[in-house]
Each structure stands twice: as C-alpha cells, then as structure tokens.
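Accompanying notes for the structure given below.
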Number of protein chains: 2
Amino acid sequence: MAKHDPTLSRLFHALADDTRRGALTRLAKAPAPVTELAEPTGLKLPTVMRHLAVLEEAGLITSFKDGRTRTCALVPEALEPVRSWIEEQRAQWEARLDRLDAFVMQIMKDDEQ
Amino acid sequence: MAKHDPTLSRLFHALADDTRRGALTRLAKAPAPVTELAEPTGLKLPTVMRHLAVLEEAGLITSFKDGRTRTCALVPEALEPVRSWIEEQRAQWEARLDRLDAFVMQIMKDDEQ
DNA sequence: ATCATGCTTAGCCATATGGCTAACTATCGC
DNA sequence: GCGATAGTTAGCCATATGGCTAAGCATGAT
C-alpha cells in the first residue's frame with residue numbers, strides 16, 4: 001500500500017503527535033539513527049519505529065540502512081503542501097475578518113451552551 | 001474535558017480530515033448552520049456534529065445557537081500556532097538543505113529497504 | 001395544538017492508533 | 001564463532017475515531 005502518500009490528511013495526521021514532531025525537530029539539526037531518535041522519548045524501540053513509519057509514509061522523512069543502523073533524515077519539501085494549505089486558509093480567513101465583527105456581537109449576546 | 005484546548009497536536013489532528021477541512025474552507029466564505037455544513041458531505045448529522053465538535057475543541061471554530069439553528073464560524077487566529085510551527089520548521093529545514101546533499105548521495109547508493 | 005425542522009444525546013460497531021513484550025535477524029568487534 | 005548491538009516482526013491490549021440508527025427536545029410555522 002502506498003509507501004509514500006503525502007496527502008494533506010496523512011501529513012496533518014503525521015504531525016498530530018508530540019513524539020513525531022519531536023523526531024522532526026531533532027532531525028532538523030541532522031540525520032540520526034533510530035536508537036538516537038528513540039532515546040529522548042522514553043518509548044520502546046518498536047513503538048518509535050511505528051512513529052517513524054508514519055512519518056515516512058507521509059513523506060516527511062526518508063531513511064537508509066548502513067550496516068545494522070538505519071539513518072533517518074528530513075525530506076524538507078514534504079512540508080510544502082501543508083504550508084501552502086495553511087497560507088491559503090489564512091489569506092481567506094483574514095480577508096473576511098472585518099465581516100466577522102457582527103457575528104462576534106451575536107456570540108456576545110447569545111453566549112450559548 | 002477542556003472545551004477549548006488548542007494544542008498543536010489537537011490542531012493538527014483536527015486538520016487531518018477531509019470532512020473537517022472541507023467545513024473550514026466552507027466557513028472561510030461565511031458562517032453557516034450545521035445542516036448547511038452537513039449537506040455537501042453526504043454524512044449523517046450526528047457524524048457531522050462530531051466533526052464540528054472536534055474543530056471547536058481545537059479552537060478552530062466557534063458556534064452560537066439562535067433559535068433552533070446553530071451557526072458556526074471560523075476563529076481566524078486559531079490557525080496561528082500551526083502556521084508558526086510550520087514556519088519555524090521550514091526555516092530550520094531549509095537552513096541545512098545544503099548539508100543534506102552528502103546524505104542524499106548515501107541514499108542513492110545504498111537504496112535500502 | 002400540532003407538526004415539521006434542526007439539532008442533540010445515547011449507544012452500537014468496525015477499524016485505527018499507540019503502547020508493550022517476546023522472539024528473530026543481521027551486523028560488528030573480538 | 002560468540003556475544004553484544006541495532007533493528008525488525010509478530011501479536012496482544014486498551015483506547016480513540018469515524019460512521020450509523022434511534023429516540024429525544026426545543027422552536028418555528030400553521
């Protein structure tokens with residue numbers, strides 16, 4: 001099944017976890033072997049491997065095996081779809097920030113739930 | 001229980017779903033009642049409500065009830081933490097794009113799995 | 001008062017996710 | 001070859017997620 005499926009949903013899902021974001025920021029400094037990525041997490045190796053697999057399936061990282069150690073590294077462009085989606089939204093959301101005022105008033109007065 | 005917990009994980013998770021992103025882009029045009037948000041999805045109301053709850057818990061939308069209809073609207077600032085995290089990463093990732101070259105070579109020749 | 005509308009709540013079901021242990025494979029260093 | 005090292009695979013378990021139906025509860029229209 002699609003080894004690398006960098007759809008928005010897959011990307012966002014991959015990013016929706018502290019452990020995985022932690023691995024990414026660690027890899028932002030330099031490529032690293034699995035064990036080194038696992039160490040600060042306090043999690044067991046198989047668990048970390050799963051997280052790394054999620055990142056790799058989303059296309060956010062690559063890895064290659066040299067001898068018995070697997071080295072992981074970022075795929076910098078991978079973040080682009082996410083970034084552009086966010087930017088698109090932000091542009092539109094801000095574009096109508098003005099028209100929102102009246103709506104906010106409604107909330108103020110009704111203040112439901 | 002936290003009604004509004006806009007942590008990064010929660011935000012990313014909320015965004016990791018087509019239906020929910022669909023609702024957001026719809027709301028980018030203007031606030032809308034639940035039924036209208038549900039209509040294009042082909043999903044049942046309770047299901048859509050759950051999606052909207054996820055968005056609201058992440059702080060991405062608000063809603064208020066006027067009579068029997070609940071109107072939902074974006075919370076434009078909500079996207080900011082996500083945007084800034086992405087930007088931070090991008091900055092760092094690109095910063096060491098150069099040093100990545102050697103690594104890519106490795107992948108080329110080993111070509112694991 | 002009654003009926004349709006627009007949610008809401010409760011609860012069921014299948015699958016996905018995140019964690020673990022145990023056991024296996026493949027190097028590397030001696 | 002032998003033991004330690006670094007992954008890897010398989011499988012178990014609890015909880016979360018995403019979908020549904022059925023039933024309930026206001027509110028608006030007649």
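First the proteins, then the strands, lettered A, B, ... as listed; each starts at 1. Note that the structure is a prediction, hence the values are computed from the model and not measured.
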Just the rounded figure in Å: distance from [atom2] of [N] to [atom1] of [X].
X      : N       : atom1 : atom2 : answer
D66(B) : dC7(C)  : CG    : P     : 11 Å
R50(A) : dA10(D) : CZ    : P     : 11 Å
E39(A) : dG7(D)  : CD    : P     : 13 Å
D17(A) : dA16(D) : CG    : P     : 14 Å
L52(B) : dT17(D) : CG    : C1'   : 15 Å
L45(B) : dG18(D) : CG    : P     : 17 Å
F12(B) : dA16(D) : CZ    : C1'   : 20 Å

Answer with base, sugar-phosphate or nothing: what part of the nucleic acid does [X] contact at a heavy-atom distance below 4.0 Å?
X      : value
P46(A) : base
T35(B) : sugar-phosphate
T69(A) : sugar-phosphate

Under 4.0 Å: is that the gap between some side-chain N or O of [X] and OP1 or OP2 of [N]?
X      : N       : result
K65(B) : dA26(D) : no
T47(B) : dG18(D) : no
H51(B) : dG19(D) : yes
H13(A) : dA16(C) : no
R70(B) : dT8(C)  : yes
R20(B) : dG18(D) : yes

Minimal non-hydrogen separation, P31(B) against R26(B), with atom names: O-NH2, 4.1 Å

Distance-only donor-acceptor check, side chains S63(A) and E56(A), under 3.5 Å: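 Side-chain D/A pair, S63(A) to E56(A): present.
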
First of V54(A) and G67(A) reached from the 5' end of DNA chain C, by closest nucleotide: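 Its nearest nucleotide lies further toward 5', so the answer is V54(A).
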
Which residue lies more 5' along DNA chain C, comparing R68(A) with L43(A) via nearest heavy atoms: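 The residue closer to the strand's 5' end, by nearest nucleotide, is L43(A).
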
Nucleotide nearest M49(A) when distance is taken to its side chain, options dG19(D), dG6(C), dG7(D): dG7(D)

Nearest to side-chain heavy atoms of K44(A), which nucleotide of dT8(C), dT8(D), dC20(C): dC20(C)

Kindly say whether [Y] contributes a backbone atom to a donor-acceptor pair with the side chain of [X] at under 3.5 angstrom?
X      : Y      : value
R90(A) : E80(B) : no
R21(A) : L15(A) : yes
R10(A) : A58(A) : no

